[in-house]
Amino acid sequence: MTRVSRAFGDTIQKEAVSANAADVVFASTSSRFPSYKIGSNNQIGDAKDDPKVLSMKEVVARETALLLEQQQRLSIRDLASKFEKGLAAAAKLSEEAKLREAASLEKHVLLKKLRDALESLKGRVAGRNKDDVVEAIVMVESLAIQLTQREGELIQEKAEVKKLANFLKQASQDAKKLVDEERAFARAEIENARAAVQRVEQALQEHEKMSLASCKQDLEELMKEVQEARRIIMLHQPSKVMDMEHELRALRIQLTEKSRRSLLLQKELSRSKGVEDNLSLLYELDGAETLGSYLRIKPCSDIAPELSKCSIQWYRISSEGGKKEVISGASKSVYAPEPFDVGRSLQAEIIYDGQLIKLTTTGGIDPAAGLGNYVEALVRKHDVEFNVIITQMNGVDHPSESIHVLHVGKMRMKLCKGKTAIAKEYYSSSMQLCGVRGGGNAAAQALFWQAERGLSVVLAFESERERNAAIMLARRFAFDCNIMLAGPDDRISIRT
């Protein structure tokens with residue numbers, strides 16, 4: 001026979017009123033679902049063994065207050081996430097309540113079966129055992145009452161949890177609605193901002209166009225005013241510089257015409273007077289006797305021998321003393337005067353079949369107009385560049401016609417093609433520089449430069465003015481370095 005003791009009833013009672021699930025976490029001070037006690041009139045009260053446990057209403061009120069407080073500092077997305085987490089926790093708690101209800105129903109069934117068993121046992125025992133069975137029946141009935149009370153508590157908790165779930169669900173829906181509203185409002189604000197930016201950009205573009213148009217119009221009007229002012233000044237108040245320039249141009253033109261006429265008259269005079277040797281009438285010097293031009297020995301008779309069969313040599317004749325200096329390398333029928341020849345007469349001696357013919361310029365070589373001022377302006381620069389073409393290198397014709405740059409500096413000269421230096425030398429006694437002594441019509445635009453022993457080039461310039469300016473500028477800088485820069489065999493005559 002099975003004996004039912006008080007310890008068995010106490011065990012069943014403890015199992016029947018076990019604690020709630022511990023995996024549901026609320027944002028309160030407690031780390032588990034609070035326990036409750038049903039008092040008189042089915043009132044829910046705090047358990048006496050844990051004074052820190054709060055009631056369901058207080059928990060709901062506290063959670064609501066915390067949510068309302070956090071709503072002010074949380075973003076809309078965080079608030080919606082918080083509501084969703086609370087809703088998930090409430091759903092989990094509801095599922096746990098359903099499981100408890102099922103377990104409670106099973107306990108009722110077990111208690112009923114136990115009571116029926118005890119009632120059947122009660123009729124079969126007597127004496128002390130019957131008393132124990134009666135006591136066990138009383139304990140089972142007491143346990144059933146406690147279980148009923150516990151079911152009341154569970155019903156109350158279920159109602160509170162349902163209220164909390166409904167509240168959280170409503171709050172989640174409100175949060176989602178608020179998120180949608182804020183999103184729609186943000187999109188509207190973004191669209192308004194984009195529209196405003198576009199309007200501002202259009203306004204700026206229109207303003208820029210108007211400002212450019214106005215600036216252009218103002219600039220055109222200002223240029224017209226300046227041109228009109230210049231025209232008025234030139235018409236009514238010409239400056240002294242302009243007057244001097246006009247006078248100089250007129251004087252240069254008159255001087256050129258007079259020199260030509262004088263040259264023609266002297267030639268005619270020499271022909272009219274006649275000379276003892278008729279050979280001197282076979283040739284004449286053709287060309288302007290000025291720097292920047294060239295002189296050519298021209299036959300003036302049909303019986304004149306070909307110049308290719310004659311020996312030719314050019315000389316300089318100083319204005320003081322009439323000393324004759326040979327021009328080394330000038331042995332062609334064409335000679336272009338260089339800056340050393342200015343103020344001196346030039347003479348060409350032609351030897352044919354043992355007979356000597358002398359042709360002399362009518363006077364000294366005249367300087368080029370405006371060349372001195374141009375060189376003085378270039379002297380102020382530290383380095384002057386000239387565009388040139390190499391026609392010969394070391395006496396051999398250079399096939400390429402690419403543009404090179406000749407740098408004439410205060411301390412050295414340099415010939416470059418792009419970033420590659422072909423020749424670069426400081427002014428020294430071994431350097432030679434002069435005009436090309438012979439050649440065709442381009443002789444007036446070319447010069448000879450020996451940078452060092454074994455390296456010489458013939459350079460063609462863009463104009464006669466550039467060639468003469470480069471020679472004068474280089475000799476000026478070399479003279480400042482105590483170097484006399486001249487052509488082949490010219491140094492001795494210059495020093496003397």
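Owing to the predicted nature of the structure, the values given are computational and were not obtained by experimental measurement.
- A salt bridge links Glu376 to Arg476: at least one charged side-chain nitrogen sits closer than 4.0 Å to a carboxylate oxygen.
- Around CD of Glu221, the count of heavy atoms belonging to other residues, nucleotides or ligands within 6.0 Å exceeds 12.
- A distance-only check finds no donor-acceptor pair linking the side chain of Ser262 to the backbone of Lys258 [under 3.5 Å].
- Trp314 is not listed as a side-chain neighbour of Val326, based on a closest heavy-atom distance of 4.5 Å or more.
- We find that Glu462 and Arg467 are not joined by a salt bridge, their nearest charged nitrogen and carboxylate oxygen being 4.0 Å or further apart.
- In this structure, Glu349 and Tyr315 have side chains that are in contact, with non-hydrogen atoms separated by less than 4.5 Å.
- In this structure, the side chain of Thr391 does not engage the main chain of Ala460 through any donor-acceptor pair within 3.5 Å.
- Closest heavy-atom contact between Phe386 and Glu466: CD2-OE1, 2.9 Å.
- Atom CG of Asn387 and atom NE2 of His404 lie 11.5 Å apart (nearest 0.5 Å).
- Looking at heavy atoms from C-beta onward, Leu415 lies in side-chain contact with Val388 at the 4.5 angstrom threshold.
- The local environment of CD1 in Ile303 is sparse, with at most 12 non-hydrogen atoms from other residues, nucleotides or ligands closer than 6.0 Å.
- Leu359 pairs in a side-chain contact (heavy atoms from CB on, under 4.5 Å) with only one of the listed residues (Ile312, Leu285, Leu295), which is Leu285.
- Counting heavy atoms from C-beta outward, Asp218 and Leu222 have side chains that stay 4.5 Å or more apart.
- A salt bridge is absent between Arg194 and Glu189; no separation between the charged side-chain nitrogens and carboxylate oxygens falls under 4.0 Å.
- Side chains of Leu406 and Glu385 form no contact here, defined as non-hydrogen atoms less than 4.5 Å apart.
- A 4.5 Å side-chain heavy-atom check between Arg316 and Leu346 finds at least one atom pair inside the cut-off.
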Pair up each side-chain donor or acceptor in residues 444-459 with any protein partner under 3.5 Å, not counting sequence neighbours, and list the distances.
residue: Gln445; atom: NE2; partner: Glu464; partner atom: OE2; Å: 3.2
residue: Gln450; atom: NE2; partner: Ser430; partner atom: O; Å: 3.3

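- Of the charged side-chain nitrogens involved, none lies within less than 4.0 Å of a carboxylate oxygen, so that Arg252 and Glu257 do not count as a salt-bridged pair.
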Could you walk me through whether Tyr335 and Tyr294 satisfy the side-chain contact (heavy atoms from CB on, under 4.5 Å) test, starting with their C-alpha distance in whole Å, then the side-chain angles of each, then the deciding distance to 0.1 Å, before giving a yes or no? CA-CA 6 Å; Tyr335 176 75; Tyr294 62 91; over 6 Å; no
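- The pair Asp480-Lys410 fails the salt-bridge criterion, with no side-chain N (NZ, NE, NH1 or NH2) lying under 4.0 Å from an Asp/Glu carboxylate O.
- Between the Tyr283 side chain and the Pro305 main chain, a donor and an acceptor come within less than 3.5 Å of each other.
- No more than 12 heavy atoms of other residues, nucleotides or ligands sit less than 6.0 Å from atom NZ of Lys177.
- Put simply, the side chain of Arg437 gets close to the backbone of Ser328: a donor and an acceptor are under 3.5 Å apart.
- A donor-acceptor pair is defined here as one N or O able to donate and one able to accept, closer than 3.5 Å; such a pair exists between the side chain of Asp341 and the backbone of Glu338.
- For the pair Arg475 and Phe340, the cation-pi test (distance below 6.0 Å, angle within 45°) is passed.
- Looking at heavy atoms from C-beta onward, Ser345 lies in side-chain contact with Thr361 at the 4.5 angstrom threshold.
- Separation of atoms CG (Leu255) and CG (Asp366) is listed at 6.5 Å; rounding is to 0.5 Å.
- A salt bridge does not link Glu425 to Lys414: none of the charged side-chain nitrogens sits closer than 4.0 Å to a carboxylate oxygen.
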